[in-house]
Student: 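The structure follows.
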Amino acid sequence: SNLNSYGDGLLAIQIATSFVFEILIRAKDNGTFPRWMRQLYKMYQQSEIGRKWFLNKVSTQQQWFINTMFHNAHKPARLAFGDLLLAIIHYQSVSDRKHYDEFIDNIGNDDIKDNTQYVDEDEDDNNASAKSEYLTWPTIEISNNSARGMGDIVVGLNKDRFSVARFVVAMFRFLHLVPKFHRSYEQFFKLLKGIAHVSWHERKLLINLGVIRSIVAFYLNDTPILHFNRQVVGRNDQGQRQTRRIAPPRVHDVLKLLSVLVRSAATATFPPETKKKKQSQMPPTSAMDNELPDDEPDLPDEPDEEPPDLPPEQDQSKQNGGANDGPTTGPTTGTTTKIEVEESVSIRRNAVLNTENNDTKDDDGDLYYDHEFEEKSLEFGFPKHFIRLNNGRGRGILLPDDDKRCIWNGLDVTLGKNMNECEPWDVPSTIDPLPTYSEYNRFVEQQQALTSYRKKHGKDTKLPPNLQIIADRIDSRKGLMQAPRKITNVNIIDWLFKDRSGAGNSCLYQKECIEIIIYSCFNNWILSEIMFDYLYRKVAEEFKASHEYGPYLKCIEELLTTKDINYQKKIETFIPKITQLFKRCSKTDDTGTDLLLFQLTSFLVRMSFKNELIAAIIKEDDGLLDECMEEYRHNHSHHYQVSSQYGGGGPMGGGNSRYMNRSNGGGGGGNGNNGSNQSGGNSNSNNNNGDDNKPKSMIKSFRGR
């Protein structure tokens, strides 16, 4: 009876879902669409079997998912579909998240693959059982040729413990297949970003799956894909189409997801190491540590066991007072000394064992990775832009080494001096649907062999059994086969800073880059110094490029104003370098100097108002402003017809440049505003014969208005 009731409820959900996303969203009169969506939310909230069925359907029926998410012409319908999926994940993750660790532990090995279209026919099936349990969905289709019915589907769905984790794997596998849907993939990216905002557990799942590397590889993929990373610029003399490299369009939500995941994971300095870890890393220095043996198995099994050579009288004395007050004979003295030494060692061993046991009881896991922690428990609080839990607390997530290299290769010299010296990284095969070059070449060779056989024997010729198997595999892979990935050998942060696809030729991903840098540099002096040198160098490079100084100066500003353990050291070290750059700019007359001087002036003014220490450092250089003004006037006067001296004649023959347009030629000397009687005369009086009343009348009319 329970199976029948579950089956009836699941059947109602199936009918309602199919009607809404297959008929109603394509209807001309779909005014009831919001009401139907509210009904679907209620149905999925009440039925766990229905939620598992829908996640199963979206992940396994790929063409149905493509038709609903990408081929649907109505943007609100695509958004509604993504929102419904996020609501289902939110409901179902409450019961599934306790199985995330088991899921990660069993699919973390790259040897275990999903049932992709690139698994070789010669692959060993030793991991078939593990793959069947963790990566294969239960069947939800009713077959007419078997006795399988709705009750069997309900039983299979009820046993599924990894529906959310398996759905996440399916969605991020599909991430690398969406470039051909570039016109309508924005809603799909919003779905991926929304998964990370469900809870801390989902963010940990994404990080452990390798989603950070997957996003970086997706953005840096250099395999030519028209309208995704290539743009048509014309045709050559032979009529061949010419293209150029472009940044992937409309992928802002994916890079927001990258920033969220990086700012949710641990860095080299946050969360800080616990005291227990620090003590365990210190070498033993005390005499007690030197006397104790290193191997724990050599310790006694029962700490309270008495030494076997202890005589009864000594034992009684030990129980009464713990020491002998009376005189002792020679042999007894020797025996007592030996016993005392053994007992002291035993007591010390017991103390060590009790301490370790107490530590284990008091601290079952790491303070910051296995438990939540508050901001007030840290000396400098949480880093800026840290992703907190919903209750405002923090929880650490270990960042894999491959993800660190993926983000910081080419910037962090601790990982390698340049990109060529850094260790390679790759996308985990669990969430990577693209083939390797060897797999792709083998597929092409099989396809060519099949084509040549049919060309030789005819298209309708019956294929041999072995060739028929190859033909069936080619037909199943043909629509999904993609070219292998070719990653551009650049750093992702540097590449995002160079993107100028925003409004007014601005950096579209400035916020995401700054968030990642500021969060990672918290309490990390080495990385802070590296990043400041990088940003300082990029400002100098922009002087000869597009003159976009804003993103780099904004990042320097946040880096200096972030309060951490190196706060004062950063200001005292980096502000003098900025002022030195300010002086250098005033001494050159290259194109773009004016814009850089304006940007640096605004930067120093803002920093002076925000921070007293910065203002004090700038005030120490009394002649900074006068020196820069004098150098600027000396090097830039020929651009704006500005006199090189306050009272001397300008390059046009005299007068102050503000009044040269009002004079009749000016004089060779003297100020055009001082009524001089030298050659040229008073430049103001020559043109004021009939215009004396104009300023007064303009002022009166302005006041009247």
Side-chain angles (χ1 to χ4, degrees), residues 207 210 212-213 215-217 219-220 255 258-259 261-263 265-273 281 380 383-386 398-427 487-499 507 509-510 512-545 549 551-562 564-578 580-581:
I207 293 173
I212 292 178
R213 279 167 280 161
I215 294 175
V216 174
Y219 188 82
L220 296 181
L255 296 174
L258 174 65
S259 175
L261 295 180
V262 173
R263 292 182 288 118
T267 65
T269 53
F270 179 83
E273 294 183 355
Q281 293 174 358
F380 294 95
K384 196 174 183 179
H385 308 301
F386 174 60
L398 287 175
L399 187 66
D401 293 336
D402 288 341
D403 289 342
K404 295 178 183 178
R405 293 193 296 269
C406 169
I407 296 295
W408 298 106
N409 272 1
L411 285 182
D412 192 350
V413 295
T414 59
L415 302 175
K417 295 182 180 179
N418 51 54
M419 293 293 294
N420 297 326
E421 294 184 4
C422 297
E423 295 183 12
W425 55 271
D426 200 0
V427 181
I487 299 178
T488 308
N489 192 24
V490 295
N491 180 267
I492 181 64
I493 296 178
D494 183 47
W495 197 256
L496 292 176
F497 261 134
K498 292 179 180 178
D499 187 281
C507 180
Y509 309 115
Q510 168 184 329
E512 286 72 26
C513 293
I514 293 177
E515 288 174 347
I516 294 174
I517 293 174
I518 300 305
Y519 172 73
S520 302
C521 291
F522 182 77
N523 285 344
N524 192 335
W525 170 250
I526 297 177
L527 186 59
S528 299
E529 192 173 18
I530 291 172
M531 291 311 302
F532 182 84
D533 293 340
Y534 162 77
L535 296 169
Y536 187 86
R537 186 174 65 253
K538 297 304 292 185
V539 170
E541 291 178 1
E542 283 293 322
F543 183 76
K544 299 180 180 180
Y549 311 106
Y552 305 111
L553 292 177
K554 178 64 176 176
C555 189
I556 293 175
E557 180 178 344
E558 289 209 23
L559 185 63
L560 293 177
T561 55
T562 300
D564 58 1
I565 195 173
N566 304 309
Y567 177 61
Q568 184 173 356
K569 186 177 181 181
K570 289 187 297 184
I571 293 177
E572 294 176 350
T573 303
F574 299 147
I575 286 296
K577 294 184 179 180
I578 297 296
Q580 192 65 28
L581 179 62

Student: Please find the pair of heavy atoms, one from K577 and one from F532, that lie closest to each other, and give the distance.
Tutor: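 So the two residues come closest at CD-CE2, 3.7 Å.
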Student: Measure centre to centre between the rings of F270 and F386, then say whether the value is under 6.0 Å.
Tutor: yes
Student: Do T414 and D412 pair up side chain to side chain, a donor and an acceptor below 3.5 Å, judged on atom types alone?
Tutor: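 There is such a pair between these side chains.
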Student: Show your working on salt bridge (Lys or Arg N to Asp or Glu O under 4.0 Å) between D533 and R537 and close with a plain yes or no.
Tutor: CA-CA 6 Å; D533 293 340; R537 186 174 65 253; over 6 Å; no
Student: Please examine the side chains of R263 and E512, heavy atoms only from C-beta on, and report whether any two atoms are closer than 4.5 Å.
Tutor: no
Student: If you look at every heavy atom in I207 and P400, which pair is closest and at what distance?
Tutor: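 Closest approach of I207 to P400, heavy atoms only: CG2-CD, 3.9 Å.
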Student: Under 6.0 Å between ring centres: does that hold for W525 and F574?
Tutor: yes
Student: For T562, does its backbone N or O pair with a side-chain atom of K570 as donor and acceptor, under 3.5 Å?
Tutor: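 A pair under 3.5 Å: yes.
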Student: Evaluate the side-chain proximity of I514 to Y552: yes if any heavy-atom separation is below 4.5 Å, no if none is.
Tutor: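 Heavy-atom side-chain distance check fails, nothing below 4.5 Å.
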Student: Contact between L560 and Y567 at the side-chain level, heavy atoms closer than 4.5 Å - yes or no?
Tutor: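 No, every pair of side-chain atoms sits at 4.5 Å or beyond.
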Student: Just wondering, do M531 and W408 contact through their side chains at under 4.5 Å, heavy atoms?
Tutor: yes
Student: Check whether any side-chain heavy atom of L496 sits under 4.5 Å from a side-chain heavy atom of I492, and report yes or no.
Tutor: yes
Student: Do L255 and L258 have side chains that approach each other closer than 4.5 Å (heavy atoms only, starting at C-beta)?
Tutor: yes
Student: Does T267 reach the main-chain N or O of S520 with its side chain, forming a donor-acceptor pair under 3.5 Å?
Tutor: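 Absent.
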Student: Rounded to the nearest 0.5 Å, how far does CD of E557 lie from CG of L559?
Tutor: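 Here the rounded value is 11.0 Å.
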Student: Taking C-beta and beyond as the side chain, do F497 and N491 meet within less than 4.5 Å on heavy atoms?
Tutor: no
Student: State, yes or no, whether a side-chain contact exists between F522 and F380 at a heavy-atom distance under 4.5 Å.
Tutor: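 Yes, side chains in contact.
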Student: What distance separates N566 CG from I526 CD1, expressed to the nearest 0.5 Å?
Tutor: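 The distance works out to 10.0 Å.
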Student: Is the side chain of R213 donor-acceptor paired with the backbone N or O of V427 at a distance under 3.5 Å, no angle test?
Tutor: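 Looks like no, no N/O pair under 3.5 Å.
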Student: Output, in order, the C-alpha distance, side-chain angles, deciding distance and verdict of salt bridge (Lys or Arg N to Asp or Glu O under 4.0 Å) for D494 and K538.
Tutor: CA-CA 9 Å; D494 183 47; K538 297 304 292 185; 3.4 Å; yes
Student: Using atom types as modelled and distance alone, determine if a side-chain donor or acceptor of N523 lies under 3.5 Å from a backbone N or O of T269.
Tutor: no
